[in-house]
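Notes for the one structure printed next.
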Amino acid sequence: MHISLTVNGTEKTGEIEGRTLLSGFLRDGLGLTGTHVGCDTSQCGACVVHVDGVAVKSCTMFAAEADGCAVDTIEGQAAPDGTLNVIQQAFQDHHGLQCGFCTPGMVMSAAALLKENPKPTEAEVRAYLEGNLCRCTGYHNIVRAILAASGQDLPAVAAE
Amino acid sequence: MYAFEFDRPATVAEAVAALAAEDAQALAGGQTLIPTLKQRLASPSRLVSLSGIADMKGVSTKDGVLTIGGGTSHARVAAEAEAYPALAAMAGRIGDPAVRNRGTIGGSLANNDPAADYPAAALASGATIVTDRREIAADDYFQGLFTTALEEGELITAVRFPVPQAANYQKFEQPASRFALTGVFVAQTADGVRVAVTGASEDGVFRWKDAEAALSEDFSEGAVKDLTIAPDSMIADLHGSKQYRAHLVKTMTVRAVRAAS
Ligand SMILES: Cc1cc2nc3c(=O)[nH]c(=O)nc-3n(C[C@H](O)[C@H](O)[C@H](O)COP(=O)(O)OP(=O)(O)OC[C@H]3O[C@@H](n4cnc5c(N)ncnc54)[C@H](O)[C@@H]3O)c2cc1C
Ligand code: FES
Ligand code: FES
């Protein structure tokens, strides 16, 4: 079956099967391997992208369902010259990543949160990240990065 | 995952017609069905996506009844069901944000997972499940683990919730899955109080009649704090014993009454 969609602002088309997952289409069909597949069972959130502006786990959505939609991935976050966006820069500044595997999903979830709630509390950040697992950082620096990206003064985040 | 045909009908009638094909199955948010397909626990020949059916989406209120389209996402219910705050709050605590953006009320009620949240809300509220062919009272709808009154190919098109005078849902979360280890939904209406429990029983969602009787007399924590519920038919697994769940049923009921009153 044929689909056409907008990915990071550019029109894309593709031939897919009914069972093709959005994560698979992005990675194998379009070569956008920034969207990571950690668990493939909708637990870890490494595969989070935005579909029509809201966060979804792309391993748990069929590509066919994205036909006609606008999809945003981690590749579309930095400026074309490579300048990181404010969330990505905050992750770098606050050591919000170690191995980086979870980071694309963390950044996309953070972007969805800050769109809905531009000045979240620490508790709201933690609650919003419930579906994003990180095996390295222990989360504190991710939470700090997102609070910093929201332009707020950094509180003494717990357990420091 | 095995291969299947993929349909995206625009109306309920087209979807029902497509579901008449042998081994066809409805796809809503896919938050339960896609993992099931990956594990090859289901192998439909055709998936009929409900996502393109505009008539099945939306939240509206009229004459004290909140109606939610069967294809409405949890996120939308959380944001738009202001007329029934306890229900909106429940929807806002299902899974995580990405799950709530895709998962739907129809999918949750059709699946009837013994630890899901919506079954408790529907049963406690005395909701009506509206399908493409009939209306089913919540009391007749839930028939045990993963079992409902739905016929083959029958679609939940809407769910109607009479808005109670007071209500609250207390969920004791299993922190890894975020499903309810035990959840209790309490709703007080002019006809009395209903208490529905999810996550606890081997028979799926159920009404705790002793608590309902006590709370209908006296809607206060005191009315339930000395009640007990038999642990015999409770679920025992690595997260909690039968006795632990029986205890949680009471504790969550007390908390829900406290929060509602
Ligand atoms: C990480 C994670 C955490 C979760 N946490 C929770 C939680 O805390 N609490 C909770 O309650 N749930 C939770 N869920 C489940 C979630 O709420 C699902 O969205 C829901 O159970 C199924 O809804 P769906 O729209 O995704 O349905 P699908 O997965 O698309 O479908 C499920 C079943 O329902 C059938 N179906 C779908 N729509 C209809 C309809 N309108 N009429 C008739 N049949 C239909 C399908 O054929 C299928 O058999 C979680 C899921 C995940 C992945
Ligand atoms: S890969 Fe999608 S949630 Fe883990
Ligand atoms: S940085 Fe390694 S998993 Fe998060």
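Bear in mind that the values here come from a model prediction, so they are computed numbers and not experimental data. Below, chain A is the first sequence line, B the second, and so on; all start at residue 1.
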(message) Could you check whether A:Asp93 and A:Gln89, counting side-chain N and O atoms only, form a donor-acceptor pair closer than 3.5 Å?
(response) yes
Tell me which donor-acceptor pairs under 3.5 Å the side chains of residues 21-34 of chain A have, and how far apart each pair is, sequence neighbours excluded?
unit_1: A:Ser23; atom_1: OG; unit_2: A:Ser58; atom_2: O; d: 3.4
unit_1: A:Arg27; atom_1: NH1; unit_2: A:Thr33; atom_2: O; d: 3.1
unit_1: A:Arg27; atom_1: NH1; unit_2: A:Thr35; atom_2: O; d: 2.9

(request) Using non-hydrogen atoms and a 4.5 Å limit, figure out which bit of B:Glu5 sits close to chain A: side chain, backbone, both or neither. (result) neither
(request) Quick one: sort the B:Phe6 and A:Phe62 rings into parallel, tilted or perpendicular, breaks at 30° and 60°. (result) perpendicular
(message) For B:Arg8, is there an ion pair with A:Glu65 - N to carboxylate O distance below 4.0 angstrom?
(response) yes
(request) Please test A:Thr41 against A:Gln43 for side chain to side chain donor-acceptor pair (under 3.5 Å), starting from the C-alpha separation and ending with a verdict. (result) CA-CA 6 Å; A:Thr41 56; A:Gln43 304 298 318; 4.6 Å; no
(message) Pair A:Glu130, A:Asn132 - check side chain to side chain donor-acceptor pair (under 3.5 Å), show working.
(response) CA-CA 6 Å; A:Glu130 245 173 340; A:Asn132 289 84; over 6 Å; no
(message) Salt bridge or not between B:Lys38 and A:Asp40? Use side-chain N to carboxylate O under 4.0 Å.
(response) yes
(request) Please identify each residue that fulfils side chain to side chain contact (heavy atoms under 4.5 Å, CB included) with A:Ala149, with sequence neighbours left out. (result) A:Ile87, A:Ala90, A:Leu114
(message) Looking only at heavy atoms and a cut-off of under 4.5 Å, which of A:Cys59, A:Ser109, A:Ala112, A:Gly68 has the most pairs with chain B?
(response) A:Cys59
(message) B:Asp117 and side chain to side chain donor-acceptor pair (under 3.5 Å): which single residue from B:His74, B:Lys171, B:Arg178 fits?
(response) B:Lys171
(message) Does A:Asp153 have more than 12 heavy atoms from other residues, nucleotides or ligands lying within 6.0 Å of its CG?
(response) no
(message) Report, in residue-number order, which members of residues 7-19 of chain A are under 4.5 Å from chain B by heavy-atom distance.
(response) A:Glu17, A:Gly18, A:Arg19
(message) If you count heavy atoms of other groups shown closer than 6.0 angstrom to CD of B:Glu152, is the number above 12?
(response) no
(message) Is B:Leu27 in contact with chain A via its backbone, its side chain, both, or neither, using a 4.5 Å heavy-atom distance?
(response) side chain
(request) Evaluate the criterion ring-ring contact (aromatic ring centres under 6.0 Å, His included) for residue pair B:Tyr244 and B:His239; output intermediate values, then yes/no. (result) CA-CA 9 Å; B:Tyr244 184 63; B:His239 307 299; over 10 Å; no
(message) Quick check on A:Met61 against chain B: is it the side chain, the backbone, both or neither that has a heavy atom closer than 4.5 Å?
(response) both
(request) Using a heavy-atom cutoff of under 4.5 Å, enumerate the residues of residues 78-93 of chain B that contact chain A, numbered in order, or state 'none'. (result) none
(message) Heavy-atom cut-off 4.5 Å, strictly under: side chain, backbone, both or neither for B:Arg46 against chain A?
(response) neither
